[in-house]
Amino acid sequence: QMISQGWKYFKENFYYFSQVQKTWYSAQQFCMSRDSQLTSVASESEQEFLYKMAGGLFYWIGLTKAGSEGDWYWVDNTPFDKVQSARFWIPGEPNNYGNNEHCANIKMSSLQSWNDASCDNKFLFICKRPYITSGP
Ligand code: 2F8
Ligand code: CA
C-alpha cells in the first residue's frame, strides 16, 4: 500500500517527497519508475499543500522549458497556465540566472515559492501519482 511506502494523499493524488537529492532529469526518471511524474501544481490549494509539506527545503517540481521560446510546461502534460501560475514564483523569478536555469523548484515556505534553477543541480524532489479508482 502506498501510504506505508511514504506517499502522502491529497485531493485524488499521491505525492512522494524524496529524502535523496537528484538532478531534475534523474528525479523524473525515478518518479516514472514509480508510475508517477515530477509534480505539477494546478491550483492554489495544491501549491499550499506542497510548500507546507516541503517545510522550507528545496524540492524539484515537474516544471521545465521547451522550444526556442523556452516556454514553461508541466512534464505530466497538465496545461501550464502562465497567468494563474505567475503568483507562485518568488518575486524576481524566474530570472534564468547565468542563462542556464531551465527547471523549477519549490524553494520557500510561501505561496510565492518557485525558483528557476539549473536542471543539473541536485535537489530533493516531489513525485505525483493520480489515485485511480474503478468508480461507483
Ligand atoms: O538570488 C536569486 C538567485 O539565487 C541563486 O543564484 C545566485 C539561484 N541559483 C540556484 O538556486 C542554483 C538562482 O536561481 C536565483 O535566481
Ligand atoms: Ca532563478
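When a ligand or atom number is given, it counts from 1 through the structure's own listing order. One is the number of the first residue; the rest follow in order along the sequence.
Checked against the 6.0 Å centroid criterion, the rings of W72 and W114 do not qualify as a close aromatic pair. Taking the six-membered ring for Trp and the full ring otherwise, Y15 and F49 have centroids separated by under 6.0 Å.
Counting heavy atoms from C-beta outward, Y16 and F30 have side chains that approach closer than 4.5 Å. The side-chain heavy atoms of S113 and K107, taken from C-beta on, include no pair separated by under 4.5 Å.
The tally of protein N/O/S atoms under 3.0 Å from the Ca ion (ligand 2) stands at 6.
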Between ligand 1 and the protein, find all N/O pairs closer than 3.5 Å and give the distance for each.
residue	atom	partner	partner atom	Å
ligand 1	14 (O)	E101	OE1	3.1
ligand 1	14 (O)	E101	OE2	2.4
ligand 1	14 (O)	N115	OD1	3.3
ligand 1	14 (O)	N115	ND2	2.9
ligand 1	14 (O)	D116	O	2.9
ligand 1	16 (O)	E93	OE1	3.1
ligand 1	16 (O)	E93	OE2	2.6
ligand 1	16 (O)	N95	OD1	3.0
ligand 1	16 (O)	N95	ND2	2.8
ligand 1	16 (O)	N115	OD1	3.4

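Taking all atoms of both residues into account, the shortest heavy-atom contact from F125 to Y59 is N-CD2, 3.5 Å.
Hydrophobic clustering places L124 together with L50 (ILVMFWY residues linked when any side-chain heavy atoms are closer than 4.5 Å, directly or through intermediates).
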Return all side-chain donor-acceptor pairs below 3.5 angstrom for residues 126-136, not counting sequence neighbours, or 'none' if the list is empty.
residue	atom	partner	partner atom	Å
K128	NZ	S40	OG	2.9
K128	NZ	E46	OE2	2.7
R129	NH1	R34	O	3.0

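Atom NZ of K65 is surrounded by more than 12 heavy atoms from other residues, nucleotides or ligands within 6.0 Å.
Shown here are the ring pair (Phe, Tyr, Trp, His ring centres under 6.0 Å) partners of F123, two or more places apart in sequence or in another chain: F58, W60.
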